[in-house]
Structure formats: C-alpha cells, structure tokens
Amino acid sequence: MLHTERCWLLPAVLVLACCSLAAQTVNVKGRVILETIKGRAANSSDAVIWLNPSNSTPALPRIPGTAAPTRYRLVQKNKRFVPHILVVPLGAVVDFPNDDPFFHNVFSLFDGKRFDLGLYEAGSTRAVAFNSPGVSYIFCNIHPQMSAVVIVTQSPYYAISSATGDFAVNNVLPGRYQLNVWAERCLPETLKSLSHEIEISPASFSLGEIRLAESGDLLAKHKNLYGRDYAPPPPTASYNQP
C-alpha cells in the first residue's frame, strides 16, 4: 500500500512544482520606436527582441505548455519567402518548400548559418538544421526580390514587435539576461550597441522604450550566390519560367 501511495503522490508533487514554477514567471513588456533619418517615427513592426540567460542565471527549466516546436516552414510562394522573418530555437530544422510553378534556389552566405540548397523544382522541398545561434539572411539566387531572415535563439524568451512597436516576452523566469534586439532596417553596429545585461524580477518587468535609428533597406541591393550582381530579367518573361 505504501508503494502505491508513493506512486500516486509523485505525479501530484510534480504538477504542484510545475504550477509553482509557472506562477513565478512574468511577462516582460516594452515598445520599439524606429526613427527615420529625419527623426520621424517609422513603422516599428517586425523588430525581434530576445533574452539569453546570463552566466549567473541557472539553466532554464521546462515549463509545461511552453515547449517550442523543432520543425518550421519558410515557404516560397509568389516569388516571396513566407514568413519574411522567422525566429526558431537552437537546433530547429526549417523546411523550404517551393510552392511556385518554377524553380527556386535558397542560399545564405552571411552571419548565422551558411548554406546553398541548389536549384530545385516546383512542389519539392529541402531542409536546413540551424545548429548555431545568430541571424541568417536568406535569398534566392534566381529572384533578387526574394529575401527572408531566420533568427536562431538559445532561449524560448523572444517576441516580435507589432506595427506600433509593442511587444511582450511571455513566461520569463526572474534572473539576469542579455537583451538582444534585431531590426531589418538598422545597421549591425547599432543593434550591437543595444545589447546589454538586464535584471528581470516580479517587481520589474518593463523594458520601457527601445529606440532604433533607421538606416534604410539594407537587403535591397544584395549580391547573388557568387558575389555578383543579378542578371536583369528577360523582357518577355513568362510566369512559367524563373
């Protein structure tokens, strides 16, 4: 009987411990303000904010209901990558299905994961495992207008800002974290200067305003897979051709 009671009590204890752990978390809020070169407020959507535990913060326990998936999709459709910005945990696999009726190529030769998936036809898909943290800029070697960004984080604590710049990083355990910010229209050195250590506690869960200086569309004039300019499209290109 004693053995049976212990078996019944163990799951109950685990449930209580997990509920207590979840109750200790806080939702960290803030607002990104993207300013144009002339000082006017710009659309502040799609900035990514994430928190990495500092060396003084213990390893993150798993809270029920907060586990991130390990497989994601970045679809090629209508000569676009959808979604344009994707945040994934370290070790995640991203599928790149080609949903257009012509060939595509997917490559990244910049910071983060470097890869070239080659040329592949409509209806097929290829995948990449993102096994190092960082920011990967994704392009197609055939269509220069196609671009996407994959951000790989080492913790589950991230958010993407709305059009008004508001964001909320949910279920954060109190502790010390490294704040990281990324926005597509900001220079890397600007974003790097914003990275700093912060303390998250139940009594302090607002990051306030994060002001960013816009520098223009930094991905608009990227080179192709071979570091050269893209060839101009043919004058009578058909939709059924790349």
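Just so we're clear, the structure is a prediction, and the values are computed from it rather than from any experiment.
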Inter-residue atom distance Ser201.OG - Leu173.CG, 0.5 Å rounding: 13.0 Å
side-chain contact (heavy atoms from CB on, under 4.5 Å) between Asn224 and Phe139, intermediate numbers included: CA-CA 8 Å; Asn224 67 11; Phe139 301 107; over 6 Å; no
Min side-chain heavy-atom separation Leu179-Leu51 under 4.5 Å: yes
Heavy-atom donor-acceptor pair, Asp99 side chain to Ala122 backbone, under 3.5 Å: no
Greater than 12 external heavy atoms within 6.0 Å of Arg126's CZ: yes
Atom pair CD (Gln154) and CG (Asn52), whose distance is rounded to the nearest 0.5 Å: 5.0 Å
Heavy-atom side-chain contact between Pro156 and Pro89 under 4.5 Å: no
Polar side-chain atom of Thr25 near backbone of Val172 as donor-acceptor pair, under 3.5 Å: no
In one Ile/Leu/Val/Met/Phe/Trp/Tyr side-chain cluster, 4.5 Å: Val82, Val87: no
Parallel, tilted or perpendicular: ring planes of Phe96 versus Phe130, cut at 30 and 60 degrees: tilted
Criterion side-chain contact (heavy atoms from CB on, under 4.5 Å) on Phe81 and Leu86, from CA distance to verdict: CA-CA 10 Å; Phe81 286 111; Leu86 183 64; over 6 Å; no
Carboxylate-amine/guanidinium contact Asp229 Lys223, below 4.0 Å: yes
Main-chain N/O of Ile138 paired with Ser108 side-chain donor or acceptor, under 3.5 Å: no
Nearest heavy atoms of Ser161 and Phe167, plus distance in Å: CA-CB, 4.1 Å
Heavy-atom check, side chain of Asn180 versus side chain of Val48, under 4.5 Å: no
Value rounded to 0.5 Å, distance of CG in Asn131 from CG in Leu90: 7.5 Å
Closest non-hydrogen atom pair between Lys79 and His104, with its separation: CA-CE1, 4.4 Å
Spacing of Arg31 atom CZ and Ile210 atom CD1 [to the nearest 0.5 Å]: 12.0 Å
Expected output: side-chain Ser162 to main-chain Ser45 donor-acceptor under 3.5 Å: no
Hphob cluster co-occupancy, Val75 + Phe102, side-chain heavy atoms under 4.5 angstrom: no
Flag, side chain of Arg114 to backbone of Leu109, donor-acceptor distance under 3.5 Å: yes
Expected output: side-chain Lys113 to main-chain Ala129 donor-acceptor under 3.5 Å: yes
Ser193 side chain to Thr190 backbone, donor-acceptor under 3.5 Å: yes
Polar side-chain atom of Asp116 near backbone of Leu225 as donor-acceptor pair, under 3.5 Å: no
Non-hydrogen atoms of Thr164 and Ser44 that approach each other most closely: C-CB, 4.3 Å
Candidate pair Ile142 and Leu119, rule side-chain contact (heavy atoms from CB on, under 4.5 Å), full reasoning: CA-CA 9 Å; Ile142 304 173; Leu119 196 67; 3.1 Å; yes
Nearest-0.5 Å distance that lies between atom CZ in Arg185 and atom CG in Asp46: 11.5 Å
Short side-chain donor-acceptor distance under 3.5 Å, Gln76 and His143: no
Asp100 side chain reached by Lys77 side chain, heavy atoms, under 4.5 Å: yes
Identified ring-ring contact (aromatic ring centres under 6.0 Å, His included) partner of Tyr177 from the options Trp50, Tyr158, Tyr157: Tyr157
Heavy-atom pair of closest approach, residues Val169 and Ile49: CG2-O, 4.4 Å
Which atom of Ser147 lies closest to which atom of His84, heavy atoms considered: O-ND1, 2.9 Å
Hydrophobic cluster membership, Phe107 vs Val93, 4.5 Å side-chain cutoff: no
Heavy-atom check, side chain of Val106 versus side chain of Asn98, under 4.5 Å: no
Basic-acidic side-chain contact under 4.0 Å: Asp95, Arg71: yes
Flag side-chain contact, heavy atom, 4.5 Å: Tyr72 against Val150: no
Cys140 backbone acceptor or donor facing Asn105 side chain under 3.5 Å: no
Close side-chain approach of Gln178 to Ser195, heavy-atom, < 4.5 Å: yes
Residue pair Leu34 / Ala213: nearest heavy atoms and the distance that separates them: CD1-C, 4.4 Å
